[in-house]
2 protein chains.
Amino acid sequence: MSRQNLKQQIYSQVARIGKAACHGHRLELLEYLAQGERTVEALAKLTGLSVANTSQHLRVMRHSGLVSARKDGLYVYYSLAGDEIVRLLSSMRRLAESHLADVGRLVRAYLTVKDELEPIPRRELLERARKGMVTVLDVRPPEEYASGHVPGAKNVPLKELAKRLKELPKNQEVVAYCRGPHCVLAFDAVAQLREKGFRARRMQDGFPEWREAGLPVEKTAATESRSGKN
Amino acid sequence: MSRQNLKQQIYSQVARIGKAACHGHRLELLEYLAQGERTVEALAKLTGLSVANTSQHLRVMRHSGLVSARKDGLYVYYSLAGDEIVRLLSSMRRLAESHLADVGRLVRAYLTVKDELEPIPRRELLERARKGMVTVLDVRPPEEYASGHVPGAKNVPLKELAKRLKELPKNQEVVAYCRGPHCVLAFDAVAQLREKGFRARRMQDGFPEWREAGLPVEKTAATESRSGKN
DNA sequence: CTAGTATTCAAATAATCAATTGAATACTAG
DNA sequence: CTAGTATTCAATTGATTATTTGAATACTAG
């Protein structure tokens, strides 16, 4: 085997990693998988893709080794194949944010003021939450909350937020988080809350990054991990 | 703009970063750019692509913000748009190595024994080089050496290695490096040297990573940075 | 100005990839 | 076993992307 061939083979192998992450839908899937394992159907529903299409995308990512699958009964549960992948995704996001002017603008599209919307760093949040100084708000769907959340966080899915405002304190800061730096759930929540006169901020990044950082995670005990439909 | 639209727009923007790195040729170009700025023609020659094709690939990476260009006289000099990109590339390589069994195998295809070929960490090399305990060998072409190298490193391009063996000490360890963890130059050099009875090892990764790690870099004074052909 | 060079562009073709469809597989429950 | 469900596969279509070609642009040197 010639040196030139070897080189090209290596590059195209490494490019397979890139290929797994060069499509919007696949990125979205990866982001959901960063939160825990999911079935094909669940992922299809979350992303709005057809089941077959979802399956195809998962297939290519599986061949690139980014995603692993385990079959249990009727369902195939997919998950990320390692923590390194979360780091790759963060790296891509950071690059996108700094190099593509559009992204930052899009992310802030909903928000009026930027000043007070600076996210609160994870460590700082952890300390202040321990002292009972803030209310931590998890705005993801209950299943995601159940499979792991920031200790002491209250789960109010975004959809229910409007109805459940009275459960939240007006005299204390509320810190919302969701799936990651580009997940719009927390942005929305903060926007809604601020509109209603609450003192609200976002947490830095989201839950996958929190777990990745090695910070404590709380789980709801009897997780119904094989719920039929969500 | 709906929430769903916003989300998809963000994902597809981030995917643009992935797209810049999901093609073998582009990865190769990025790797060369990690060593310093290059003209289109130089890159085309290095990669074996046509000039037009190289230009096209550079164009898409430029639009993704990974690569920047500066025109000086007749030439356009391309370079990486930031250090974060070196990190992204490392991340991809690490993933490829751990998740794609093929890559590790390919990289080691030339090598007989693995044991004594463990690379020497950068920090360790720096210390031992300062004490004069090792000979550091840069096996890249002279132009790359000139634009920056490990302090005290001796430049012997791989092609000339066989002829210039007498310049190297037999009683001292020789540590070779080249462009990065998957660059085969250093592998080849080590294999050749060991065959001739030298004590040779590779340095961890390569020069771009050395610089990225913030370690000292030496430059040849009067760099002829606008050399016509290389 | 002209000749020469580096790069880019535009258009065309070749190659690859995404998404859909309908059938096939693999499993569970009865 | 049969009926039902989740997932995958194979084949097709449509869309995007890679590469080549030849011409256009932008610059330098004389």
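Because only heavy atoms are used, hydrogens play no part in the values below, and waters and symmetry mates are left out as well, while side chains stay in.
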Could you state the CG-P distance from A/Leu29 to C/dA18, rounded to the nearest angstrom?
12 Å
Rounded to the Å, how far apart are A/Tyr77 OH and D/dA6 P?
11 Å
Going by distance alone, is a donor N or O of one side chain under 3.5 Å from an acceptor N or O of the other, for A/Tyr77 and A/Asp72?
no
Does the Lys NZ or Arg CZ of A/Arg140 fall within the cation-pi geometry relative to A/Tyr145 - under 6.0 Å from the ring centre and within 45° of the axis?
no
Can any side-chain N or O of B/Gln204 pair as donor or acceptor with the backbone N or O of B/Arg122 at less than 3.5 Å?
yes
Look at the side chain of B/Val76 and decide which nucleotide, out of D/dT8, D/dA6, C/dT8, has an atom nearest to it.
C/dT8
Which nucleotide in the list D/dT8, D/dA6, C/dA6 gets nearest to the side chain of A/Val51?
D/dT8
Length of the line joining A/Glu41:CD and D/dT8:C1', which is rounded to integer Å:
14 Å
Considering only C/dC9, C/dT7, D/dT8, which nucleotide approaches the side chain of B/Val40 most closely?
C/dT7
To the nearest Å, give me how far apart CD (B/Glu37) and C1' (C/dA6) are.
15 Å
Residue pairs passing the ring-ring contact (aromatic ring centres under 6.0 Å, His included) test where at least one lies in residues 28-57 of chain B, sequence neighbours excluded:
B/His23-B/His57
Only counting residues at least two apart or in another chain, list the ones meeting side-chain contact (heavy atoms from CB on, under 4.5 Å) with B/Val40.
B/Val51, B/Thr54, B/Ser55, B/Leu58, B/Tyr78
d(CD, A/Glu28; C1', C/dA18) in whole Å:
16 Å
Side chains of A/Arg164 and A/Lys159: does their closest heavy-atom pair fall under 4.5 Å?
no
Note the angle between the end axes of the helix from C/dC1-D/dG30 to C/dG30-D/dC1, five pairs defining each, rounded to 10 degrees.
30°
Could I get a table of every N or O pair under 3.5 Å where one atom is in the protein and the other is in nucleotides 14-19 of chain D?
residue : atom : partner : partner atom : Å
D/dA18  : OP1  : B/Arg26 : NH1          : 3.2
D/dA18  : OP1  : B/Arg26 : NH2          : 3.1
D/dT19  : OP1  : B/His25 : ND1          : 3.1
D/dT19  : OP2  : B/Asn53 : OD1          : 3.4
D/dT19  : OP2  : B/Asn53 : ND2          : 3.3
D/dT19  : OP2  : B/His57 : NE2          : 2.4
D/dT19  : O5'  : B/Asn53 : ND2          : 3.2

All N/O contacts under 3.5 Å from nucleotides 22-30 of chain D to the protein, with atom names and distances to one decimal?
none

Does a side-chain N or O from B/Tyr78 land closer than 4.0 Å to OP1 or OP2 of C/dA6, or not?
no
For residues A/Ser90 and A/Glu209, is any side-chain donor paired with an opposing acceptor at under 3.5 Å?
no
Among all residues two or more places apart in sequence or in another chain, which pass the side-chain contact (heavy atoms from CB on, under 4.5 Å) test with B/Ser12?
none
Can a salt bridge be assigned to the pair A/Lys163 and A/Glu160 using a cut-off of 4.0 Å between side-chain N and carboxylate O?
no
Search all heavy atoms of B/Val190 against all heavy atoms of B/Ala176 and return the closest pair with its distance.
CG2-CB, 4.2 Å
For C/dT8, take OP1 and OP2 only and decide whether either is under 4.0 Å from a side-chain N or O of B/Ser55.
yes
Answer yes or no: does a side-chain N or O of A/Arg59 lie under 4.0 Å from OP1 or OP2 of D/dC9?
yes
Do A/Gln56 and A/Arg59 pair up side chain to side chain, a donor and an acceptor below 3.5 Å, judged on atom types alone?
no
